[in-house]
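So the structure is just underneath, and the comments pick up after that.
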Amino acid sequence: PYVDTKVILENADKHGYGVPALNINNLEFLHYIIEAGIKMNSPVIIETSQGAMKYAGNGDFRKGAEIFVKMVRTFADEANIPVALHLDHGKSFEYIVAAIKAGYSSVMIDASEHPFEENMKITKEIVKIAHAAGVSVEAELGQLAGIEDEAVAAENVLVDPEEAKIFVEETDVDFLAPAVGTSHGAFKFKGAAKIDYDRIKKVKEYVKRPLVLHGASSVVPEFVEIAEKHGADFGGAKGVPAEILKEAVKCGINKVNTDTDLRIAFVAGLREFLNGNPKEFDPRKYFKLAREYTIKVITDRMEVLGSAGKA
Ligand SMILES: O=C(COP(=O)(O)O)N(O)CCCOP(=O)(O)O
Ligand SMILES: [Zn+2]
């Protein structure tokens, strides 16, 4: 069934497991996520960024939002696992309202590049509108380094747990994404991978609601190697290893944003297949390996996070 993201995350919070929030830009990745969720009997949170809305609507983000809601609901209504659709990194008022109007389960207002007071003010306004429409809200505190679609946060600005307490009390946001050392994309750490567990625990103690980890892809070496064997250049790629994700879930993370891992698995399979099948040009055939690898990376993640079997 199609559910509110809050329902999925409150159950995860209550039972101490993580749920993968998986980004899509097209039909193929949606297919693979639903297949993986059914196979593992896991709840799934589908999420689309503003860039994805624009892409799906061929430049018209309102059209994109409608297309995504119709596609996801078609799968969700007949799947025996809970499925939610979330707007990821909503930065513009128009995109957030378009997502709410189209029927998204939840929206993120990402005002994290603004100073604390401004972030709180903007978030409060969105929460008021979203809650009036029965839609739950995610916000971000602190800043991830790495490239986000519009804003490039140069440095990691880790969340201040005291600020998180005030922020949540003031805004009544449903789930919070604290910056704790990760970053978006495939190049997350120069040295050893590490995130600030104590900070997660402190924020959890204060806000007592589901927490979100952004930039949580593991950048799985197996698929990086396959992609590089077939012409990709991902030198220096490094993600968040599974054992760190498990610890983060223990500390209170419940929604685990994953996009890069799907992209790398897909492109590894696509490169391998195209290299090995020079005569193939049927789009119903040449995604075969891309599909297999993407489903694999999702089912593995559901095991790691503990959402497998929880539908
Ligand atoms: O936190 C993540 C993904 O983290 P990851 O890169 O570690 O998968 N996300 O919110 C996904 C952000 C995708 O945005 P865009 O479509 O603009 O590229
Ligand atoms: Zn993110």
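As the structure lists them, so they are numbered: ligands from 1, and atoms in each ligand from 1. Each residue takes its place number in the sequence, starting with 1.
- By heavy-atom distance, the residue among Glu140, Met53, Met108, Lys188 lying nearest atom 7 (O) of ligand 1 is Lys188.
- In this structure, Ser218 contributes its side chain and Val240 its backbone to a donor-acceptor pair below 3.5 Å.
- Only the side chain of Asn23 comes within contact range of ligand 1, with a heavy atom under 4.0 Å; no backbone atom does.
- Atoms of ligand 1 found under 4.0 Å from any heavy atom of Arg263, numbered from 1 in the order shown, are 15 (P), 16 (O), 18 (O).
- The shortest N or O to N or O distance between Glu47 and ligand 1 is not below 3.5 Å.
- Side chain of Lys204 to backbone of Arg209: a donor-acceptor contact under 3.5 angstrom is found.
- When the options Gln50, Glu138, Glu140, Glu47 are evaluated for a side-chain contact (heavy atoms from CB on, under 4.5 Å) with His89, the one that passes is Glu140.
- Residue contacts with ligand 1, taken as heavy atom pairs separated by less than 4.0 Å, do not involve Ala52 at all.
- Below 4.0 Å from some heavy atom of Asp88 lie the following atoms of ligand 1, by number and element: 9 (N), 10 (O), 11 (C), 12 (C).
- The closest approach between a heavy atom of Gly51 and any atom of ligand 1 is not below 4.0 Å.
- Each of the following atoms of ligand 1 lies closer than 4.0 Å to a heavy atom of Gly215: 1 (O), 2 (C), 4 (O), 5 (P), 7 (O).
- At a 4.0 Å heavy-atom cut-off, ligand 1 does not touch Gln50 at all.
- Residue-to-ligand polar distances keep Asn25 apart from ligand 1: every N/O pair is separated by 3.5 Å or more.
- Looking at residues two or more places apart in sequence or on another chain, you find a salt bridge (Lys or Arg N to Asp or Glu O under 4.0 Å) between Asp300 and Lys296.
- Ring pair Phe29/Tyr32 is tilted by interplanar angle, where 30° to 60° counts as tilted.
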Q) Should Asn119 and His114 be marked as a side-chain hydrogen bond (donor to acceptor under 3.5 Å, both in side chains) after you check the CA-CA gap, both sets of side-chain angles, and the distance that decides it? A) CA-CA 5 Å; Asn119 183 355; His114 299 282; over 6 Å; no
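- Considering Phe75, Phe266, Phe287 as possible partners of His31, the one that fulfils the ring pair (Phe, Tyr, Trp, His ring centres under 6.0 Å) test is Phe75.
- Under 4.0 Å from ligand 1, the heavy atoms of Thr258 that appear belong solely to its backbone.
- Residue Asp233 qualifies as open at atom CG: its count of foreign heavy atoms under 6.0 Å is 12 or below.
- Looking only at distances, a side-chain donor or acceptor of Asp110 sits under 3.5 Å from a matching main-chain atom of Ser112.
- Residue pairs meeting the side chain to side chain donor-acceptor pair (under 3.5 Å) criterion with at least one partner in residues 238-252, sequence neighbours excluded, are absent.
- For ligand 1, the atoms closer than 4.0 angstrom to any heavy atom of His214 are 1 (O), 10 (O).
- Heavy atoms of Ser217 found under 4.0 angstrom from ligand 1 belong to the backbone as well as the side chain.
- Between Asp259 and ligand 1, at least one N/O pair is under 3.5 Å apart.
- Panel note: side chain Tyr2, backbone Ser105; a donor-acceptor pair is recorded below 3.5 Å.
- Listed by atom number, the atoms of ligand 1 under 4.0 Å from His89 heavy atoms are 10 (O).
- Ligand 1 places these atoms under 4.0 Å from at least one heavy atom of Ser49: 14 (O), 15 (P), 16 (O), 17 (O).
- Checking each of Thr5, Val135, Ile96, Leu85 against Tyr104 for a side-chain contact (heavy atoms from CB on, under 4.5 Å) leaves exactly one that passes, namely Leu85.
- Nearest to the Zn ion (ligand 2), among the N, O or S atoms that His214 has, is ND1.
- Near His184, with a cut-off below 4.0 Å to any heavy atom, the atoms of ligand 1 are 1 (O), 2 (C), 3 (C), 4 (O), 6 (O), 9 (N), 10 (O).
- At a 4.0 Å heavy-atom cut-off, ligand 1 does not touch Lys54 at all.
- For a threshold of 3.5 Å applied to N or O pairs, the pair formed by Ser183 and ligand 1 contains no separation below that value.
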